[in-house]
Amino acid sequence: MTFSLRPAYDDPRTAELVDRLRDYLDGELADYERERGITSSGRLTRADLEPVWRRSRELGFYGIHLPGEYGGQGLDHTRLAALKEELGASGRVLASSVLGDMGGPLRAGDILRHATRHQLDTYLLPLIRGERACCFSLTEADAGSDVRSMSTVAVRDGDAYRLTGHKVFSSAGPFADFAIVVARMAGEDEPTDGKPRFSAFLVDLDSPGCRVEDGAVPMSGEHIESDIVLDDCRVPAANLLGEEGEGMRIALGRVTTNRLLHCPTVLGATRRALDLTLDRARTRLVAQGRPLLSLQAIQHKVADMATELYAARSMTYAALAALDQGREVHTEAFMCKLFVAESAFRILDEAVQIHGKEGLTQGHEIEFLFRKIRMFRVLTGTSEIQRNGIARALAFQH
């Protein structure tokens, strides 16, 4: 893998998909955002998102990773990662809606194989078609990294369940029709051995006893989070995903894959930051009319930034290639998430430094990218959690 701020691909299929995606992102989608005045700090609506879902579906991108029976192209992880990297590098506010990260097929994850015919027809197939949207509700205020300490409970009540609890950071919640909620079994279903059992449910967000509230605004400034408040909310038994007690396995079943697939999006955003920084360093004039990039101190900074990006990208795609070959990459996924998060943050910190006052100014893209990238050191598992996972794996190696 060679270094480039606009990667080319030897694989014809990947090259064709990336070229088409770039055309859409830089052309039609850029025009759409400009015409509607869409910004990263503005409040998005379903009316903003639905046309993007439909158009992305028409172009073959929405749900492209799904098997052909669901209208996808069965894309492998490496090709999917190349597309996710381009989304991150595009600078488009609505980039996460193109493949279905924002409430669509990628947000639903791997639950298709756990779904009944009723659940497919009512919830998941309409979601794949861009007609419905979902959010994933696992995190609670006091149950972040330790999700098993959640307090949301489900109690069996005849042909239904009663759910009570408060979920936070439900991404895409403001636009969703239903949530995938994980709850601890209680009442007669509570285990006698003291070990909690968890189940997963499809919960209509307009159900009595369910409220969608504005969530905390993350430091990125994006209004894409909701709290899901459940107060004795009745959920039909037909909406139980899989079997009772399988909820945590369903929720975390693709954790290694998801951990890896978050990395290319961050790599793309970091790639864009480096590109913007190089452009700034070439055009910003300093003493005697020389460009900023003529200073050795700046040259060394951008050299280190590019080297870290190359290392992070190389290890991520190596792990994805191994995953596509059917190999176990549990430890490598921890390593990639850790290194990508920490490297991207260092690169963005230098990008702000090189941009100077502009890099500190709200509304400047580098300032926004710095805030967004900083979040990745916490989201989808903190860097400390990744280190714990790596250390455990090393301890069991001979």
Side-chain angles (χ1 to χ4, degrees), residues 1-34 40 56 59-61 64 75-99 101 260-284 291-293 298-299 301-321 336 339-340 343-344 346-348 350-352 354-355 359 364-366 368-370 372-373 376:
M1 175 179 290
T2 56
F3 178 81
S4 174
L5 289 176
R6 192 174 175 86
Y9 296 90
D10 294 331
D11 171 55
R13 180 69 176 130
T14 305
E16 184 266 335
L17 287 171
V18 167
D19 285 345
R20 284 204 300 113
L21 182 59
R22 285 172 176 165
D23 287 345
Y24 174 54
L25 294 169
D26 296 340
E28 188 176 329
L29 187 58
D31 293 341
Y32 178 81
E33 290 184 357
R34 186 165 48 253
S40 59
S56 298
L59 294 171
F61 293 121
I64 194 173
L75 217 60
D76 63 24
H77 299 103
T78 302
R79 286 172 173 151
L80 179 60
L83 299 184
K84 287 174 70 71
E85 183 180 342
E86 291 305 317
L87 294 176
S90 70
R92 299 278 75 79
V93 177
L94 300 179
S96 60
S97 290
V98 175
L99 299 180
D101 266 309
L260 267 177
L261 285 174
H262 281 298
C263 293
T265 307
V266 174
L267 290 170
T270 308
R271 199 179 93 198
R272 179 166 179 80
L274 178 55
D275 199 14
L276 291 171
T277 301
L278 285 168
D279 184 62
R280 172 66 172 167
R282 292 187 189 104
T283 56
R284 171 77 166 92
L292 191 61
L293 193 56
I298 302 300
Q299 293 171 3
K301 284 182 182 294
V302 296
D304 287 342
M305 293 162 72
T307 300
E308 284 213 66
L309 176 58
Y310 180 46
R313 188 170 185 270
S314 296
M315 69 186 295
T316 298
Y317 280 89
L320 287 163
C336 289
F339 192 77
V340 168
S343 297
R346 287 191 293 269
I347 292 168
L348 263 296
E350 291 287 25
V352 170
I354 293 171
H355 275 79
H364 194 283
E365 188 173 0
I366 284 293
F368 167 71
L369 287 172
F370 176 82
K372 191 169 179 67
I373 291 298
F376 192 58

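- Contact between V98 and S56 at its shortest, heavy atoms only, is O-CB, 3.3 Å.
- Taking both residues in full, the closest heavy atoms of V93 and S40 are given as CG2-N, 3.7 Å, listed atom of the first, atom of the second, then distance.
- Salt bridge status for K84 with D101: present, with a side-chain N to carboxylate O gap under 4.0 Å.
- Atoms OG and CZ, on S90 and R272 in that order, are 7.0 Å from each other to the nearest 0.5 Å.
- Not one N or O on the side chain of Y317 forms a donor-acceptor pair closer than 3.5 Å with the backbone of P264.
- A salt bridge links D31 to R34: one of the charged nitrogens lies within less than 4.0 Å of a carboxylate oxygen.
- With respect to M305, the side chain to side chain contact (heavy atoms under 4.5 Å, CB included) criterion is satisfied by exactly one of T270, T277, L348: T277.
- When every heavy atom of R20 is checked against every heavy atom of L59, the shortest pair comes out as NH1-O, 3.1 Å.
- Shown here are the ring pair (Phe, Tyr, Trp, His ring centres under 6.0 Å) partners of F370, two or more places apart in sequence or in another chain: F345.
- With hydrogens and angles ignored, the 3.5 Å screen pairs no side-chain donor or acceptor of E85 with any backbone N or O of L267.
- Taking the charged nitrogens against the carboxylate oxygens, R346 and E350 have no contact shorter than 4.0 Å, which rules out a salt bridge.
- The side-chain heavy atoms of L87 and R92, taken from C-beta on, include no pair separated by under 4.5 Å.
- A salt bridge is defined here as a Lys NZ or Arg NE, NH1 or NH2 lying under 4.0 Å from an Asp or Glu carboxylate O, and R271 with E86 meets this definition.
- In this structure, F61 and Y24 have parallel ring planes: the angle between them is below the 30° cut-off, well short of the 60° mark.
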- Message: D279 vs D275, test: side-chain contact (heavy atoms from CB on, under 4.5 Å). Steps then yes/no.
- Response: CA-CA 6 Å; D279 184 62; D275 199 14; 5.6 Å; no
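- From L83, atom CG reaches atom CG of L99 across 6.0 Å, with rounding to the nearest 0.5 Å.
- In this structure, R313 and P7 have side chains that are in contact, with non-hydrogen atoms separated by less than 4.5 Å.
- The shortest non-hydrogen separation linking V18 to A82 is CG2-CB, 4.2 Å.
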